[in-house]
Amino acid sequence: RCEDAERLVSEMRKAGVVPDIVTYNLLISAYSRSERLADAVRTYSLALKEGLQPTTVTFSALVAAYAAAGRTPEALEAFAQLEQQEALGLKLDTKAYCGLMAVYKEAGMAEEAERTLRRMIAAGVPPNTVAYSCLVHAFGREGRLEDATRVFEEMLSADDGGSCAPDVQAFNILMAAYGQQGLSGHVSRLFRSMLAHGLAPDVVTYNTLIQACKQAGQPRQAEQVLAHMLTHGHCRP
RNA sequence: ACGAGUAC
């Protein structure tokens, strides 16, 4: 699919259509998803050489490309470049900050992820469910369940029209965190809370529940989860 | 139009 994109771009050129920054952003993102960091970076340089002005999306895509390759320092550097460009009119938006938080999450730097969230809010950039979920996950990964729960509760009590309210994925993230510690009781409590919030569990929810049963050494409970999925679930195993 | 968060 990267190859298809490349072919398309070269056909564009032959047809006299000049690629713009969005074209390059798309390529960078496609390479990133294919874990082709070198190609992503080369494409970024190419865009600069073409005299194109990188956008917030360009840098976000670059950050994601470095992060996908596990290159934390370079990812942070790419975000720093975006911040430099703030003086030149680029805006740090919610997705850009979330990308940075994801880098910290992957790197096991939950404190930095939280600092980023607070900084975003202080800067007047509206946080959302993704930003909070990312932080919950960052703490969860480090086994810091109290912090993960504290952040999750902040999502529940956030009074901003629901833009930070936990969705299915947010519940899944916290459930997985508890499940990894073998705390299946907390996991099923969260599951009930999820239903009470009117959210429909998805396959990942059920997989997470079953994994939690496994982790806690409760094979019978796992069967009950499967039964629940088959009878009440709006999804298939 | 393009970029961000889950289970195995």
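Just so it is clear, the values below take in all heavy atoms, side chains as well, and ignore hydrogens, waters and symmetry mates. Because the structure is predicted, anything quoted here is derived from the model rather than measured. A note on names: the letters A, B, ... follow the listed sequences, proteins ahead of strands, and every chain is numbered from 1.
At a cut-off of 3.5 angstrom, counting only N and O atoms as typed in the model, there is a donor on one side and an acceptor on the other between the side-chain of A:Asn128 and the base of B:A4. At a cut-off of 3.5 angstrom, the base of B:G5 holds no donor-acceptor pair with the side chain of A:Asn172. On a pure distance criterion of 3.5 Å, a polar donor-acceptor pair joins the side chain of A:Asp93 and the base of B:G3.
Contacts of A:Thr208 with the nucleic acid, taken as non-hydrogen atoms under 4.0 Å apart, involve only primed sugar atoms and P, OP1 or OP2. Within 4.0 Å of A:Cys134, counting heavy atoms only, lie sugar-phosphate atoms of the nucleic acid but no base atom. Nucleic acid contact for A:Ala131: none, since no nucleic acid atom lies under 4.0 Å from a heavy atom of the residue. Note on A:Thr205: nothing from the nucleic acid sits closer than 4.0 angstrom, heavy atoms only. Counting any heavy atom pair closer than 4.0 Å across all strands shown, A:Ser32 reaches no nucleic acid atom.
Closest contact between the side chain of A:Ala61 and the listed nucleotides B:C2, B:G3, B:U6 involves B:G3. In this structure, the nucleotide among B:A4, B:U6, B:G5 sitting nearest to the side chain of A:Thr94 is B:A4.
Under the 30°/60° scheme for interplanar angles, the aromatic rings of A:Phe171 and A:Phe152 are found to stand perpendicular.
Looking only at atom types and distance, the side chain of A:Ser184 has a donor-acceptor partner in the side chain of A:Gln218 under 3.5 Å away.
Tracing side-chain contacts under 4.5 Å through hydrophobic residues (I, L, V, M, F, W, Y), one never reaches A:Leu46 starting from A:Leu27; they form parts of separate clusters.
Distances shorter than 4.0 Å separate some side-chain N or O of A:His137 from OP1 or OP2 on B:U6. Using a 4.0 Å cut-off, some side-chain N or O of A:Lys105 falls inside it from OP1 or OP2 of B:U6.
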